[in-house]
Colleague: 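What follows is a structure written as structure tokens; I'll ask about it next.
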Number of protein chains: 2
Amino acid sequence: MPLPPVTDADEFAIADTLDRMLLWARRKAPTRLSATSITTLDTLHLHGPQRISDLAAGEGVTQPGMTTLVSRLVDEGLAERFADPTDGRATLVRITDAGRSVLADRHRARTEAIRADILRLSAEHRAALLGALDALNHLCTSSDRGTPR
Amino acid sequence: MPLPPVTDADEFAIADTLDRMLLWARRKAPTRLSATSITTLDTLHLHGPQRISDLAAGEGVTQPGMTTLVSRLVDEGLAERFADPTDGRATLVRITDAGRSVLADRHRARTEAIRADILRLSAEHRAALLGALDALNHLCTSSDRGTPR
DNA sequence: TATTGTTATACTCTATAACTATA
DNA sequence: TATAGTTATAGAGTATAACAATA
């Protein structure tokens, strides 16, 4: 069976819906840590140790801002700094076990909250969502860097 | 053709992916106004005039916090206050044309940014996304209230 | 001289507490 | 007395500017 064609208008409709999703998402989900702290921890978790400047660029904050943020994470035991063996100027940051634990707890809680909404959907809608998971995952992982400010 | 069954594990997978989407989303999208300002304007746009206390509950902030936020919006000409004819204690807030314009501009810009990522997906993925739009829209609109703090 | 990171300072946002006005 | 909203104060988070150390 041939795939349905995806037109310009369709692409716009997809983007439009996803943007509305983001507003929805923003209204759920209060977290103890700031949103930037969470995404920074997530980056460290997924991609391993990083420089301050790389983290800053990736999260769309300034370098001094990232220094402060990392200091907070270190104070709370969620991350740690260590010297970059290849560059005396640089500092590398790595997530700790406690940091991973915070990330896991938060993810578990939020997943449960979202799941409650999914249960209210029709079987057809859930099936459609299931069919789009792979696409959504690609979307999230392909280009997860923000635009610099 | 019968629908594929949606199991508990599937529901979890959907919720899991959506939560990852939210982290992705957070990394895109810097906005001039705060996230709460945007969602508040969006609520006023979608559901009409509201009381301060209702807005506060809906956005998951305190009543004094919403007073301040609304004052900012009013100062910028994006919303306006008027007396509730049915309750002398209450103030109603309504979005202005300028507010709608800000919302539209932001939506347009973000939709365009997301669309760029969609263009990098395969035709199959885009088709799957298209098939899930209705489900996603239901998800966003069914229960768009945040949990109170 | 350019780059990496930190410190100093100021501004925005939002929470808690105390207050005013109306029901 | 309870409810709607505001004002006062404090704290978190992040930006810009100035600085120190290394490449």
Side-chain angles (χ1 to χ4, degrees), chain A residues 26-44 49-94 102 146-149, chain B residues 26-44 49-76 78-94 102 106 146-149:
Chain A
R26 176 57 190 52
R27 273 185 271 246
K28 312 210 70 92
T31 320
R32 194 180 58 80
L33 284 79
S34 76
T36 313
S37 295
I38 291 291
T39 53
T40 300
L41 278 180
D42 188 61
T43 296
L44 292 173
Q50 312 261 335
R51 291 177 169 209
I52 296 278
S53 47
D54 290 341
L55 286 173
E59 305 301 329
V61 299
T62 60
Q63 198 177 67
M66 185 52 71
T67 290
T68 307
L69 192 159
V70 166
S71 298
R72 277 200 305 272
L73 292 178
V74 170
D75 286 348
E76 298 185 75
L78 307 182
E80 51 196 14
R81 281 183 233 245
F82 61 103
D84 184 337
T86 71
D87 187 338
R89 298 168 302 177
T91 300
L92 290 172
V93 184
R94 130 181 87 212
V102 161
T147 46
R149 248 158 228 172
Chain B
R26 176 57 188 56
R27 271 186 272 245
K28 312 211 68 94
T31 321
R32 193 180 57 80
L33 283 80
S34 75
T36 313
S37 295
I38 292 292
T39 54
T40 300
L41 278 181
D42 188 61
T43 296
L44 291 173
Q50 312 261 335
R51 291 178 170 210
I52 296 278
S53 46
D54 290 341
L55 286 172
E59 305 302 329
V61 299
T62 60
Q63 196 180 66
M66 185 50 72
T67 289
T68 307
L69 193 160
V70 166
S71 298
R72 276 201 305 273
L73 293 178
V74 170
D75 287 348
E76 298 186 77
L78 307 181
E80 51 195 12
R81 282 184 234 246
F82 61 104
D84 184 338
T86 72
D87 187 337
R89 299 169 302 182
T91 300
L92 290 171
V93 185
R94 129 182 88 215
V102 162
R106 178 192 156 283
T147 45
R149 244 157 229 171

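All values derive from a computational prediction rather than experimental measurement. Below, chain A is the first sequence line, B the second, and so on; all start at residue 1.
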Colleague: When the distance from CG of D54(B) to P of dA4(D) is rounded to whole Å, what number comes out?
Modeller: 8 Å

Colleague: Kindly indicate whether the side chain of T40(B), heavy atoms from C-beta on, has any atom under 4.5 Å from the side chain of M66(B).
Modeller: yes

Colleague: For the pair made of CD1 in I52(A) and P in dA15(D), what is the distance, rounded to whole Å?
Modeller: 14 Å

Colleague: What is the minimum heavy-atom distance between L41(B) and L78(B), and which atoms define it?
Modeller: CD2-O, 3.8 Å

Colleague: Tell me which pairs pass salt bridge (Lys or Arg N to Asp or Glu O under 4.0 Å) where either residue lies in residues 78-92 of chain A, with sequence neighbours left out.
Modeller: R51(A)-D84(A), R51(A)-D87(A), E80(A)-R94(A), D87(A)-R89(A)

Colleague: Please tell me which of the listed nucleotides, dT7(C), dT4(C), dT14(D), lies nearest to the side chain of R51(A)?
Modeller: dT4(C)

Colleague: So does T36(B) get a side-chain nitrogen or oxygen closer than 4.0 Å to the phosphate oxygens (OP1/OP2) of dT14(C)?
Modeller: yes

Colleague: On DNA chain C, compare the nucleotides closest to A90(A) and T68(A); which residue's is nearer the 5' end?
Modeller: A90(A)

Colleague: Please report the shortest heavy-atom distance between V93(A) and L44(A), naming the atom on each side.
Modeller: O-CD2, 3.5 Å

Colleague: Taking the side chain as every heavy atom from C-beta outward, state whether T91(B) and T67(B) have any atom pair closer than 4.5 Å.
Modeller: no

Colleague: Calculate the interatomic distance between E59(A) atom CD and dA15(D) atom P; express it in whole Å.
Modeller: 12 Å

Colleague: Would you say S71(A) reaches dT6(C)'s phosphate, i.e. side-chain N/O to OP1/OP2 under 4.0 Å?
Modeller: no

Colleague: When the distance from CE of M66(B) to P of dT7(D) is rounded to whole Å, what number comes out?
Modeller: 16 Å

Colleague: Taking atom C1' of dT4(C) as reference, at what distance in whole Å does atom CG of L55(A) sit?
Modeller: 13 Å

Colleague: Mapping S37(A) and P64(A) to their closest nucleotides on DNA chain D, which lands nearer the 5' end?
Modeller: S37(A)

Colleague: Would you say a side-chain N or O of R81(B) is under 4.0 Å from OP1 or OP2 of dA4(D)?
Modeller: no

Colleague: Within the structure, does a side-chain N or O atom of T67(A) lie under 4.0 Å from either OP1 or OP2 of dG5(C)?
Modeller: no

Colleague: Describe the nucleic acid contact of T62(B) in one word from base, sugar-phosphate, nothing, applying a heavy-atom distance below 4.0 Å.
Modeller: base

Colleague: Which nucleotide, dT6(C), dT16(C), dT14(D), lies nearest any side-chain atom of R72(A)?
Modeller: dT14(D)

Colleague: L92(A) has an atom CG; how far is it from atom P of dG5(C), in whole Å?
Modeller: 8 Å

Colleague: In whole Å, what is the span from the CD atom of Q63(A) to the C1' atom of dT7(C)?
Modeller: 13 Å

Colleague: Can you figure out which of dA23(C), dG5(D), dC13(C) approaches the side chain of D87(B) most closely?
Modeller: dA23(C)

Colleague: I want to confirm an ordering. Mapping T86(A) and L69(A) to their closest nucleotides on DNA chain D, which one lands closer to the 5' end?
Modeller: L69(A)

Colleague: Looking only at the side chain of R89(A) (C-beta and beyond, no hydrogens), which of the listed nucleotides dT6(C), dT14(D), dT4(C) gets closest?
Modeller: dT4(C)

Colleague: Let me know the distance between CG of D75(A) and P of dT6(C), rounded to the nearest Å.
Modeller: 12 Å

Colleague: What I'd like to find out is whether the side chain of R72(A) reaches to under 4.5 Å of the side chain of L33(A), using heavy atoms alone.
Modeller: no

Colleague: Ignoring backbone atoms, test whether S53(B) places a side-chain nitrogen or oxygen under 4.0 Å from the OP1 or OP2 oxygen of dG5(D).
Modeller: yes

